[in-house]
Structure formats: C-alpha cells, structure tokens
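Below: the structure, in structure tokens.
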Amino acid sequence: MRWSNYYLFTTREVPKDAEVISHRLMIRAGMIKKLAAGIYTTLPFGSRSMTKLATIVRRELDAKNALELTMPTIQPAELWQESGRWQAYGKELLRVNDRNGREFCYAPTAEEVITDMVRKDIRSYKQLPVNLYQIQTKFRDEIRPRFGLMRGREFLMKDAYSFHADAESLDVTYRDMHDAYCAIFAACGLDYKVVEADTGNIGGSDSHEFMVLAQTGESDIVSCDCGYAANTEKAVTGALPAPEVELGEMEEVATPDQKSIAEVSQFLGKSADQFVKTLLYTSENEEVVVVCIRGDREINEIKLANALDVQYPVLATDAQVQEITGAPVGFAGPVGLKEARLIVDPSAAALESFVCGANKDDAHLVNVQWGRDVEKGEVIDLLLADAGDPCPRCGDTMQKTRGIETGHIFKLGCKYSEAMGCNFLDAEGRDEPMIMGCYGLGIGRTVAAAIEQNHDDDGIIWPKPLAPFTVLLMALDPQNEEVSAAADQLYGELQAKGIDVLYDDRKERPGVKFKDADLIGIPVRAVIGKRGLSDGKIEISERHDREKHLVDVGEALAKLVELAG
RNA sequence: CGGGGCGUGGCGCAGUCUGGUAGCGCACCUGCUUUGGGAGCAGGGGGUCCCCAGUUCGAAUCUGGGCGCCCCGACCA
C-alpha cells in the first residue's frame, strides 16, 4: 500500500477527553474516530489490526471444530422475555421499536438467538455436541463508556456457544476453548493471565477470564505463585492471620463523634483489625441484612449479591440504619440486632474478641465475644481479597495486579435451555435440556490491550501478528529519482513476497516521516535516502529497539523477509 | 443515579464576567526556498459561535428551555 493513496492521517494533538494511552495512540495513529460516547468508527488502518486478530481467532477456533455463523444484531423481545433477561438485563439493553411498534433489542450477546436456533434444529443426542461462533458487533448501553475501545458501547466481539448432551462433553469443549484462547493470546504476543471469575448476569456455574496484564486495566486480580489466580470479584483467601487481642468483659465505652473505624481505632488505641465493621444492606426484595466484616477489610458486594441471590445489594439509607440500630450511621454493631438476618464474614467470625458499634449514639462496645455476648449468625465468605492475603490453595502470600478482561468463558449449564425449552432426546428416549457453554473474546478490546502493553513515548510498538502492516518502507526524498526508483523496486519485491508493506512515498520532510513511523509502530522499517543510497546501503531497523542496520541494497529484500517472518 | 465541568473552522484553545457582528496555534491550499527526526517566508480557503425561544437598536456574550460530550463518585458503618 502506498501511503500517498491510503486513508491514514496521523495527528500531533489528541482530543482532551482521551486519557489512557491506547485510546490516545489509536486516535493519533488514525485507527479510530469517535462518533458518539462509546461509539467509534474503525478506520482502514485500525481495521487491518482487527482483521488480523479475527484471522487468528478463526484459525484457533476452527482448529477446535467450532463453526462460524452470523446472527442478527437486532433481536426480537419475545426471545429475551422467554429467558427472563428482558427484565433482568436492565438499562444496558438497548431497546428499539420497529414501524409497527414491535419491540426489539440490539444484541449485547446472543444466547437467546442461538438457543432458539438450536432448539429448532437439533432433536437427538446424536447431533451433539455443537460449538458455534460469530464475530459480530454488540451493543451494551454502559453506565460510563470510557477509554476508547476498552469500554465502548458498540464493540466487536467474538462470541461462541456450545451445546451438549452431558457435563463431560461440556468439560471437553470448555477445555478446548480455554486452550484456544491461550493459543490466541500467546499468538498475539500478549502477557496474559487466566483467572477464576464471577459469572455476572450471563449466569452459569464455572467461569474463567483472560486478563491482559496492564495498569490501566479495570479489573483487579489476585494471584499466587502456586498457580491460583482470580478476579477479586470472585477470589477467595485462606484464613487471615488473627490479630492478638486481650480478653475481658464486654463493656460500653463513650466514643463521642467517633464514627469511622479509623477514628475509633485511633481514639481507643486499638488497631482496625480488632474491630468488627457492621454494614446494613437492602436489595430489590427489601429485606434488610446485617453484614459483619473485620474492621480493616472491605465487603465484596458481588459475593454478597450471590449469597443473597439478589441482583444489586445496596447500603441501607441513613434512615433505615437509624430505624434498625436505633443509632445514627457509624455506631452499628451485631449485639442486640435480633430482628434482622446476620451474615458474618470469616475474617470477623475468627476474632476472639472485638470492638463494635453499640447501636447507640456516640458509643462502642469493647471486648465483645461471639457466643458469649452475641450469636454469630451465618458465616459466609464476603471478603474482598487484597494483596498480601494468604492463597486459598497453598497459604502463600498473594499478589494483586490489574488486568484488561479480553476473554471470558462460562459453563452456562441449563439456564437458557431450560428457560427456552432447548431439549434433545437422549439414548433412552428421554427429553432433556441441553447443557451449554459460552465463550466471549473482545476483538477491539484485545487490540487496545495490545497497545496498552506495547508502546513507548513515541507511539505504538505492534506485536507482529497484530500489526496493520509488517514492513514500513520509507522513501526519504521521493522527488529524487534514484531514491524513488530504488524504493519502488523494493516495494514491488516485498509485495511479490506477500509481505504486508506500507510504502511511505509521501512528499513530506524526513522528520515528519520518522515521527509518523514511530507513532504508527510498524514492526520493521526500511529507510531509503540518497545519503545511504550513494554508498549502496539501505537502513533497516525494528520498531522495538530502533537499532539501525545498514544493509547492501542487494541484500535488503532477504533481510526484510527474514525480519518480517 | 448523584456531583462537577465543557460545547466557538478538522484538532487544541482565547474571546463570554463588562453585549457592538470572531481570533490564535496546529492542520489544509498556492508559490518560492529547504530536505536524515514534526522547516522558513509570503499569500489564501474554511466557522448558521450545539439547538430553540426570549431580552435588546444590536447576542458567541444576558435570560429560560432543550440536546450533546467529558470527568469524578456510586468504597462505607
């Protein structure tokens, strides 16, 4: 491709709303352009990267016998009502009406449509398993789209769905997809981690996320050298080391205006890990739940939602706290709260003696003991895991890192097949719901993640497999006939070798071309200028180290082919 | 959903408080010079100042309504 004929316009400045590096670089390098909040046009240069990733994805999935199809992006409401997600998905589901007023939605995912298709086509266990995928645009009306392609509303995703006669068959496909995803991310040259994950509103049992490690990621991961790794939404820990406490009789102490754990901790001279933090939650079913956790730790609200089997637990209002505890916010404790359901995290349950609110204005209780002074209630893990916590498998100290969720695989079980009557006849002639799995991979997000992980101050440093072009051929002074003749010839030869080459034949000054070259980050660069050419040399370098090698004109092609490989 | 901020050529901004008919840098076009790390000089094109209504002789500027966009928060007992 000759740059002079191409649609690639770089910019020196970026819109002020672009904050993360991949977003800035994708705009500056002419890959994407914003149309509306979280909605982007992918320009030709960006499109090439996406296509390269899609090709890798297809190759690895096809190798696992997954079959590509294409489903509509506009889906009828009836299917979503059947699965129950027309209500459950909430505002993220973009709903539209056609000219007759019939309700549709723009697909955020395609479980309903694929399940509807399969229930109509497949009757027998002999036709199972099947694994079907598409690479198709999705729309999710996110609360807060941000970071360009990292969290867009409209985005390109590969989604796959498998159907099985039994759990063993699902296990095999799940493993296949796990391996395919590993192959895909490895092929892209990305530093990634597979972690245990919560299933969120997709539903189902077992689930893993593929995280590209980057500080700008929106997910927290804890991991251990032994191999355990999990999203903090899901992560469990070993028992926390118990703090040393003095034992004594329960006693009320005055703590005027000392509301937060930090304040009371300082006021009483006791560390925060000797406290029990008591929080009141409500949810859509309006039951108030009292939750206790150790004073220095945080509640994982995803775990709480799962424990309560609700969608969104929310903290009780100040008025509700006043009504139930009889005290303003800041003085809640488990002692004497008989009316409400009490859930205690193991971190709090393990305390031999602790400090908590007295359910009375300006007062706390010290030396409280479970069993003696207050019933323990249900002990359920609600802890938000953090760096330094013990690994649940081996007990070693875990680390915390951040990652970008680029892939997510689920064992769905029968959630959709039961709701939608997607059944088959087994060998005994019994009607059974199919067991399902689903597997997502964000195409645009993975490309953004690749940039997040591979760049420097001057621009993108593409991993070769995702690079829009493999070789950038620069003619420094295309007006000079010798230079342009040599460059034209090399360009033709590279094309003949099947190499993706971008030929910078623009009539720009050298400085502009070098800056652009660094910005767009093509892995291999060949520079032809009259200075080198007078000695019969072409300068070849790679973007990742920019080390310059002068190569004889006659050897340049072979060298470039070697580096491109 | 709550809080804050912003909408002025393609991009980044000034002008708004104190109303008088729009400007700067980058980008773009033409010419000359320059040509190995975002050149110089000269000339030039491009804006219903987000939209609607109102006040006024006069509105980018004041008032009201709407739309769009961004950031922060949704972390506490």
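Every chain is numbered from 1 and lettered A, B, ... according to where its sequence line falls, protein lines coming before strand lines.
One finds no salt bridge joining Asp345(A) and Arg297(A) here, because no Lys/Arg side-chain nitrogen approaches an Asp/Glu carboxylate oxygen to under 4.0 Å. Using a 4.0 Å cut-off between charged nitrogen and carboxylate oxygen, Asp198(A) and Lys234(A) do not count as a salt-bridge pair. Using a 4.0 Å cut-off between charged nitrogen and carboxylate oxygen, Arg445(A) and Glu452(A) do not count as a salt-bridge pair. A salt bridge is absent between Lys464(A) and Asp500(A): the closest approach of a Lys/Arg side-chain nitrogen to an acidic carboxylate oxygen does not fall below 4.0 angstrom. In summary, Asp477(A) and Arg531(A) do not engage in a salt bridge, as defined by a charged side-chain N under 4.0 Å from a carboxylate O.
Checking G58(B) for Watson-Crick or G-U wobble geometry (two distances, each under 3.5 Å) identifies no partner in any strand. Under the Watson-Crick or G-U wobble criterion, with both distances below 3.5 Å, C17(B) is left unpaired in every strand shown. With a cut-off of 3.5 Å on both Watson-Crick or G-U wobble distances, the partner of A74(B) is given as none. Of all nucleotides present, only C6(B) satisfies the Watson-Crick or G-U wobble test against G68(B), with each distance under 3.5 Å. A42(B) and U30(B) make up a base pair, with Watson-Crick or G-U wobble contacts both under 3.5 Å. Base pairing of G37(B) is not made with any nucleotide, judged by Watson-Crick or G-U wobble geometry with both donor-acceptor distances under 3.5 Å. Under the Watson-Crick and G-U wobble criteria, each requiring two contacts below 3.5 Å, nucleotide G12(B) is paired to C24(B). Nucleotide C49(B) has no partner under the Watson-Crick or G-U criteria, as no pair reaches both atom distances under 3.5 Å.
Only the P atoms considered, U61(B) is 23 Å distant from G4(B), to the nearest whole Å. For the P atoms, the distance from C75(B) to C17(B) is 40 Å, rounded to whole Å. Look at the P atom in both A60(B) and C52(B): the space between them is 12 Å, to the nearest Å. C11(B) sits 31 Å from U18(B) when the P atoms are compared, rounded to a whole Å. C71(B) and G15(B) have their P atoms separated by 24 Å, given to the nearest Å. As rounded to the nearest Å, U35(B) and G23(B) have C1' atoms that lie 33 Å from one another. For A22(B) and G9(B), the P atoms lie 15 Å apart once the distance is rounded to whole Å. When the C1' atom is compared between C32(B) and C13(B), the two are found 32 Å apart, to the nearest whole Å.
For Glu508(A) against G38(B), a side-chain-to-base donor-acceptor contact under 3.5 Å is absent. Contact of Arg28(A) with G38(B) (side chain to base): a donor-acceptor pair of N or O atoms is detected under 3.5 Å. In terms of polar N and O atoms assigned as donor or acceptor, the side chain of Glu13(A) comes within less than 3.5 Å of the base of G25(B) in a complementary pairing.
Using a 4.0 Å heavy-atom criterion, one finds that Arg294(A) contacts no nucleic acid atom at all. Residue Ile143(A) is in base contact, counting any heavy-atom pair closer than 4.0 Å across all strands shown. Residue Gly532(A) is classed as a base contact, given a heavy-atom separation below 4.0 Å to a base. Residue contacts for Ser260(A): at a heavy-atom cut-off of 4.0 Å it reaches the sugar-phosphate backbone alone, with no base atom in range. Note on Gly357(A): nothing from the nucleic acid sits closer than 4.0 angstrom, heavy atoms only. Residue contacts for Tyr281(A): at a heavy-atom cut-off of 4.0 Å it reaches a base atom on one of the strands shown. Here Ala517(A) lies out of heavy-atom contact (under 4.0 Å) with every strand. Contacts of Val14(A) with the nucleic acid, taken as non-hydrogen atoms under 4.0 Å apart, involve only primed sugar atoms and P, OP1 or OP2. In this structure, Gln479(A) reaches neither bases nor backbone, as no heavy-atom distance under 4.0 Å exists between it and the strands shown. Residue Asp516(A) is classed as a base contact, given a heavy-atom separation below 4.0 Å to a base. Among the atoms of the strands shown, only primed sugar atoms or phosphate atoms (P, OP1, OP2) are found under 4.0 Å from some heavy atom of Lys34(A).
Closest non-hydrogen pair, Ala307(A) versus Ile380(A), comes out as CB-CG2, 4.1 Å.
Look at CZ on Phe9(A): it is 21 Å from P on C26(B), rounded to the nearest Å. Per the geometry, NZ belonging to Lys91(A) stands 19 Å off P belonging to A74(B), to the nearest Å. Glu92(A) has its CD atom 14 Å from the P atom of C1(B), to the nearest Å. As a whole-Å value, the separation of Asp296(A) CG from A77(B) P is 13 Å. Atoms CZ (Arg506(A)) and P (G38(B)) sit 14 Å apart, rounded to a whole Å. Atoms CG (Leu476(A)) and P (G37(B)) sit 9 Å apart, rounded to a whole Å. Rounded to an integer number of Å, the gap from CZ of Arg24(A) to P of G12(B) is 11 Å. The separation between Glu142(A) atom CD and A74(B) atom P is 17 Å, rounded to whole Å.
Counting non-hydrogen atoms of neighbouring residues, nucleotides and ligands closer than 6.0 angstrom, the CD atom of Gln266(A) reaches no more than 12 such neighbours. In Gln322(A), the CD atom is crowded: over 12 heavy atoms of neighbouring residues, nucleotides or ligands sit closer than 6.0 Å.
Among the nucleotides C69(B), A77(B), G37(B), the one closest to the side chain of Arg153(A) is C69(B). For Arg509(A), the listed nucleotide lying nearest its side chain is U35(B); candidates were C69(B), U35(B), A77(B). Distance from the side chain of Pro510(A) is smallest to G36(B) among G36(B), U34(B), A77(B). Side chain of Asp477(A), nearest nucleotide from A77(B), U35(B), C69(B): U35(B).
Listed pair Arg12(A) / A27(B) meets the phosphate criterion, a side-chain N or O lying under 4.0 Å from OP1 or OP2. Regarding contacts with the backbone of G36(B), every side-chain N or O of Lys548(A) stays at 4.0 angstrom or more from both OP1 and OP2. Look at Arg144(A) and you'll find a side-chain N or O under 4.0 angstrom from OP1 or OP2 of C72(B).
Among the candidates Glu154(A), His23(A), Lys33(A), the single residue satisfying the side chain to side chain donor-acceptor pair (under 3.5 Å) test with Tyr40(A) is His23(A).
Summary of the strand contacts: Glu298(A) and Arg146(A) both lie near RNA chain B, and taking for each the nucleotide with the nearest heavy atom, the more 5' one is attributed to Arg146(A). Nearer to the 5' terminus of RNA chain B, by closest-nucleotide assignment, is the contact made by Glu539(A) (compared with the other of Glu539(A) and Ala37(A)).
Trp462(A) has its ring centre no less than 6.0 Å from the ring centre of Phe469(A).
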